[in-house]
Protein chains: 2
Amino acid sequence: MNLKTLAEQLGLSQTTVSRALNGYPEVSEATRLRVEQAAEQFGYRPNSRAKGLATGRAMMIGHVIPTSNKHEMVNPVFGDFVAGASEAYAKFGYDMMFARVRDGNTEQAYRELLAKRAVDGVVLQGPLINDSRIALLNKMGLPFVVHGRSTGVSAPYSWVDVNNKRAFQRATEFLIDLGHRRIALLNGLETMDFAQRRRDGYVTAMEDRGVPVDPALMRAQEMTEVFGHQETMAMLAMDHPPTAILTSSMITAIGVRRAIEESGLKMGRDISVITHDDDLSYLKNGRDVPIFTALRSSVRNAGEIAAAMLAELIDSPDQPPMNRMLEAELVVGSSTAPAPRD
Amino acid sequence: MNLKTLAEQLGLSQTTVSRALNGYPEVSEATRLRVEQAAEQFGYRPNSRAKGLATGRAMMIGHVIPTSNKHEMVNPVFGDFVAGASEAYAKFGYDMMFARVRDGNTEQAYRELLAKRAVDGVVLQGPLINDSRIALLNKMGLPFVVHGRSTGVSAPYSWVDVNNKRAFQRATEFLIDLGHRRIALLNGLETMDFAQRRRDGYVTAMEDRGVPVDPALMRAQEMTEVFGHQETMAMLAMDHPPTAILTSSMITAIGVRRAIEESGLKMGRDISVITHDDDLSYLKNGRDVPIFTALRSSVRNAGEIAAAMLAELIDSPDQPPMNRMLEAELVVGSSTAPAPRD
DNA sequence: CTCATTATTCAAAGCGCTTTGAGTCAGACT
DNA sequence: AGTCTGACTCAAAGCGCTTTGAATAATGAG
């Protein structure tokens, strides 16, 4: 069933039917009603490609996923972000597509998306330090929102980010206030902008309080469970093991806990742990009492905000870039305690 | 840059340029080369909507995500499956889109996807028992592949599934062979087809070996960490607590381990645990030595297979449905041991 | 009763591509 | 020289929609 046959059924022109369906004023109420009922009855939906061709709008948002980093798409944080975003897209009538891209040349992918007119805008996830994609997107004039920011990029752009520096600074101060001085940082890959900022917050707090920063206590890698376990085991075997561990993700924290318990120690007594918690829906930080003391910030919520921002940006492209800084909440769980005396 | 201006630049007709670019034989090699170079130089990509309109192919695969079940999209298993699928789609030239759908009426979503001609095919994830969507898709004639199967649906359809029954049967037998008789099952929601099959495998093994099935040891819910923790705590407080726990996901297993350790017991000595392991890339089951004894089957791999199957189905729609049964591998880790004497 | 005005409706053009059916042209064959 | 091929190329139609500009019908004013 297409517009033409529907119009024939109704004995109306395509013009009138189209207008009736799209809410234009120059159609009589009676006709509109008749058209709407017929459309309903025949299950008519405009062909999205034809509509897109005629209007120049794809009603589609793109997400480009580099294949190089095998983990990116698979990353549970990614999943929650996308879940939030897609829910918001739906509200604005957009669909969401993923373009998977072979190794590194994501820039090419954005170019193609634009050249093919496949999307009305894109969301850039996981920005690196000095991420060249931002300048590219700006140049191309394709509306976009970044989840996170990119240190080193000076041109303005729209972003939604959590205040990673302040969050990790606070957590570090919290630990220092509890008497800890040997505080380890299990960070995400430090080519990622967010990891850099977290490190920055950690270092700033340490220096502000005059606690020496020991590079041996700082590790950065993909945030897996195994990473948390492995580095914790290694550090617990040191001459001066840390008394507290700050980690960048719940998953890593779970590995940390496993290592602590495997070593016959007790988390929240012998060793304190604070983790960043993206408030993933399937991996909650306990029920009533949080398991881990954590910096909580819902990544799903960030996804919703980013999506709404992008929709707005697409509607009025000439407006200046929009920014939104989210603050992480420090929730105190049972994984932190005063530093043990020695 | 569109076809028309590109053709003008070259002094050729649109027809010739189009044919040259699409590899038709009736274009001289010299011309083809010239056209390709120009296309490259100007960064020309055919407008996907126009192309789709002309060819009747969307070059897009749809995934419909019900909003009702908040966890579905967010589910890490979902993420890995989709990562595998999208990689395969890319190989076949397809893009992937998600349609988020308000509560329950996913059927409407499929209808719309078809009416709008937005996709060439869909992948159905997380089939329920007696899932009505399968009959609908069959009736609509939209090519589709199911990840999993649906008990109660008799009409043939294409699917990729892991042999859940056999896997859980084997795991249960393995535990029985170790002397366990009080074996708990922490299953996923039993409206899900896979959960039903797993339960079936478990019960079959128990009955075959003459071990009484205790309903108090069978729990089914969304597979979160908290669920694993909570139910394990509850069961450990029973008069006759289980000596072994069989669980449906790594995440739940992690909660189980937490509960075991919190209770002062040791996993793999006091209590044995076997989990299903979807081989998620960010949540590996240990490095060299598996943490958990597990039934391993890569869901990412399943995604790749489903995608390839669907591509094939779209190419030749008249072929009979395709099926692919995957077997889970039983890897023995350090979470299982002979049942303790009492 | 005429003419301007407003309210509806319509035919046709255009979005950018593919594909059909029809040339054109050189060379091969009678 | 005339015809037939085969190799290329092209103009134009069509995919299903929106939108422009025009036509028609209904209404009200003079």
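Heavy-atom basis, side chains included; hydrogens, waters and symmetry copies ignored. The chains referred to below are lettered A, B, ... by the order of the sequence lines, with proteins before strands, and numbering in each begins at 1.
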| Distance check: side-chain N/O of A:Asn2 vs OP1/OP2 of D:dC15, anything under 4.0 Å? | no
Residue set satisfying side-chain hydrogen bond (donor to acceptor under 3.5 Å, both in side chains) with B:Gln9, at least two apart, ordered chain then number -> none
When rounded to whole Å, the CD to P distance for the pair B:Glu8 and C:dG16 reads 12 Å
Rounded to whole Å, NZ of A:Lys4 lies from C1' of C:dA13 at a distance of 15 Å
Atom CG of A:Leu6 and atom P of D:dT18 are separated, to the nearest Å, by 11 Å
Donor-acceptor pairs are to be reported for all side-chain atoms of residues 143-156 of chain B against protein atoms at under 3.5 Å, with residues two or more places apart or in another chain.
{"residue": "B:Arg149", "atom": "NE", "partner": "B:Asp161", "partner atom": "OD2", "Å": "2.9"}
{"residue": "B:Arg149", "atom": "NH2", "partner": "B:Asp161", "partner atom": "OD2", "Å": "3.3"}
{"residue": "B:Ser150", "atom": "OG", "partner": "B:Leu128", "partner atom": "O", "Å": "2.8"}
{"residue": "B:Ser150", "atom": "OG", "partner": "B:Asn130", "partner atom": "N", "Å": "3.0"}
{"residue": "B:Ser150", "atom": "OG", "partner": "B:Asp131", "partner atom": "N", "Å": "2.8"}
{"residue": "B:Thr151", "atom": "OG1", "partner": "B:Asp193", "partner atom": "OD1", "Å": "2.6"}
{"residue": "B:Thr151", "atom": "OG1", "partner": "B:Arg197", "partner atom": "NH2", "Å": "3.3"}

Give every donor-acceptor pair under 3.5 Å between a side-chain atom in residues 302-316 of chain A and any protein atom, sequence neighbours left out.
{"residue": "A:Ser316", "atom": "OG", "partner": "A:Glu312", "partner atom": "O", "Å": "3.3"}
{"residue": "A:Ser316", "atom": "OG", "partner": "A:Gln319", "partner atom": "NE2", "Å": "3.0"}

Contacts of A:Arg19 meeting side-chain hydrogen bond (donor to acceptor under 3.5 Å, both in side chains) (sequence neighbours excluded), chain-then-number -> none
B:Ala115 meets the side chain to side chain contact (heavy atoms under 4.5 Å, CB included) criterion, sequence neighbours left out, with A:Arg45
From OH of A:Tyr24 across to P of C:dC10 the rounded distance in Å is 17 Å
If you define the side chain from C-beta out and look only at heavy atoms, does anything of B:Ser132 sit under 4.5 Å from B:Glu107? yes
Looking at A:Phe98 versus B:Phe98, is the centre-to-centre ring distance below 6.0 Å?
yes
Rounded to 10°, the helix from C:dC1-D:dG30 to C:dT30-D:dA1 deviates from straight, judged by its five-pair end axes, by 70°
Across all chains, not counting sequence neighbours, the side-chain hydrogen bond (donor to acceptor under 3.5 Å, both in side chains) partners of A:Thr16 are A:Ser13
The correct set of residues in residues 40-58 of chain B placing a heavy atom under 4.0 Å from DNA chain D is B:Leu53, B:Ala54
Winner on side-chain proximity to B:Leu3, out of C:dT19, D:dT19, C:dT18, is C:dT18
Residue set satisfying side chain to side chain contact (heavy atoms under 4.5 Å, CB included) with A:Lys91, at least two apart, ordered chain then number -> none
The side chain to side chain contact (heavy atoms under 4.5 Å, CB included) partners of A:Ser28 (sequence neighbours excluded) come to A:Ala30, A:Thr31
If you restrict it to nitrogen or oxygen atoms, what contacts under 3.5 Å exist between nucleotides 9-12 of chain D and the protein, and what is each distance?
{"residue": "D:dT9", "atom": "OP1", "partner": "B:Thr31", "partner atom": "OG1", "Å": "2.9"}
{"residue": "D:dT9", "atom": "OP2", "partner": "B:Thr31", "partner atom": "OG1", "Å": "3.2"}
{"residue": "D:dC10", "atom": "OP2", "partner": "B:Ser13", "partner atom": "N", "Å": "2.8"}
{"residue": "D:dC10", "atom": "OP2", "partner": "B:Ser13", "partner atom": "OG", "Å": "3.2"}
{"residue": "D:dC10", "atom": "OP2", "partner": "B:Thr16", "partner atom": "OG1", "Å": "3.0"}
{"residue": "D:dC10", "atom": "N4", "partner": "B:Arg19", "partner atom": "NH1", "Å": "3.3"}
{"residue": "D:dA11", "atom": "N7", "partner": "B:Thr15", "partner atom": "OG1", "Å": "3.4"}
{"residue": "D:dA11", "atom": "N6", "partner": "B:Thr15", "partner atom": "OG1", "Å": "2.5"}

Contacts of B:Ala38 meeting side chain to side chain contact (heavy atoms under 4.5 Å, CB included) (sequence neighbours excluded), chain-then-number -> B:Leu6, B:Leu10, B:Phe42
